[in-house]
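The structure under discussion appears below in the form of structure tokens.
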Amino acid sequence: MRKKLKTPRIIKIEKIEGLKLYCMFNNGELRMINFNLLFNEWNITSEDIEYPLLNEVAFAKVQLRNYTLSWDNIHVMLMTEDGLSLIHI
């Protein structure tokens, strides 16, 4: 019988320090996620959707939504099949 692998889920944001998040996971682990390293690795430019998150005040508005980190202050522009633009919040 195969063993089911479960992906750890974030259940709580414990602390925010600059561009670092300390998160509690459902397996009991407390992990630090360093977005400064991630953003540098991703080579974020002013054209990227993540660019506003380089500002620590904007970054600190992070929320947990369905075990996923999200920012209500970041809006994603999507295009429908009909060519209409929609803003996804």
Side-chain angles (χ1 to χ4, degrees):
M1 186 171 180
R2 283 189 166 185
K3 198 174 189 181
K4 208 179 222 185
L5 296 176
K6 296 210 175 201
T7 303
R9 305 284 183 176
I10 300 172
I11 58 172
K12 185 178 179 187
I13 300 169
E14 293 286 342
K15 182 168 62 169
I16 303 169
E17 281 183 356
L19 297 180
K20 294 179 186 175
L21 294 179
Y22 294 83
C23 301
M24 180 62 68
F25 285 75
N26 64 345
N27 62 2
E29 292 181 11
L30 177 65
R31 298 183 191 178
M32 185 267 294
I33 305 169
N34 188 340
F35 277 86
N36 195 31
L37 292 177
L38 285 173
F39 292 159
N40 285 334
E41 186 177 315
W42 295 345
N43 297 317
I44 302 299
T45 68
S46 60
E47 302 296 317
D48 294 314
I49 194 167
E50 299 91 354
Y51 184 74
L53 298 179
L54 294 174
N55 178 310
E56 291 182 10
V57 174
F59 182 84
K61 295 179 180 178
V62 64
Q63 296 178 0
L64 199 56
R65 188 184 323 176
N66 295 325
Y67 309 106
T68 304
L69 299 172
S70 66
W71 286 263
D72 285 342
N73 52 322
I74 303 299
H75 303 288
V76 180
M77 184 69 72
L78 302 174
M79 190 74 71
T80 67
E81 291 178 358
D82 301 329
L84 300 173
S85 296
L86 297 174
I87 296 177
H88 178 66
I89 299 174

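Values below: all heavy atoms of this structure, side chains included; hydrogens, waters and symmetry mates excluded.
Aromatic ring pairs are classed by plane angle as parallel below 30°, tilted from 30° to 60° and perpendicular above 60°; the pair Trp71 and Phe35 is perpendicular.
Distance alone, capped at 3.5 Å, places no donor-acceptor pair between the Asn66 side chain and the Thr68 backbone. Distance alone, capped at 3.5 Å, is enough to place a donor-acceptor pair between the Asn26 side chain and the Arg9 backbone.
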Under 3.5 Å, which donor-acceptor pairs link side chains of residues 49-57 to any protein atom two or more places apart or in another chain?
| from | atom 1 | to | atom 2 | distance (Å) |
| --- | --- | --- | --- | --- |
| Asn55 | OD1 | Val57 | N | 2.7 |
| Asn55 | OD1 | Ala58 | N | 3.2 |

Determine all donor-acceptor pairs shorter than 3.5 Å in which one atom belongs to a side chain in residues 10-24; sequence neighbours excluded.
| from | atom 1 | to | atom 2 | distance (Å) |
| --- | --- | --- | --- | --- |
| Lys15 | NZ | Glu17 | OE2 | 3.2 |
| Glu17 | OE1 | Tyr22 | OH | 3.4 |

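Atom OG1 of Thr7 is separated from atom OH of Tyr67 by 13.0 Å, given to the nearest 0.5 angstrom. Atom CZ in Phe59 sits 8.0 Å away from atom CG in Leu69 (nearest 0.5 Å).
Between Asn34 and Asn36, the closest heavy-atom pair is OD1-N, 3.0 Å.
Under a hydrophobic-cluster definition in which Ile, Leu, Val, Met, Phe, Trp and Tyr are linked whenever side-chain heavy atoms come within less than 4.5 Å, directly or via other members, Ile74 and Leu38 are assigned to the same cluster. Leu37 and Val62 are members of different hydrophobic clusters when ILVMFWY side chains are connected at heavy-atom separations under 4.5 Å.
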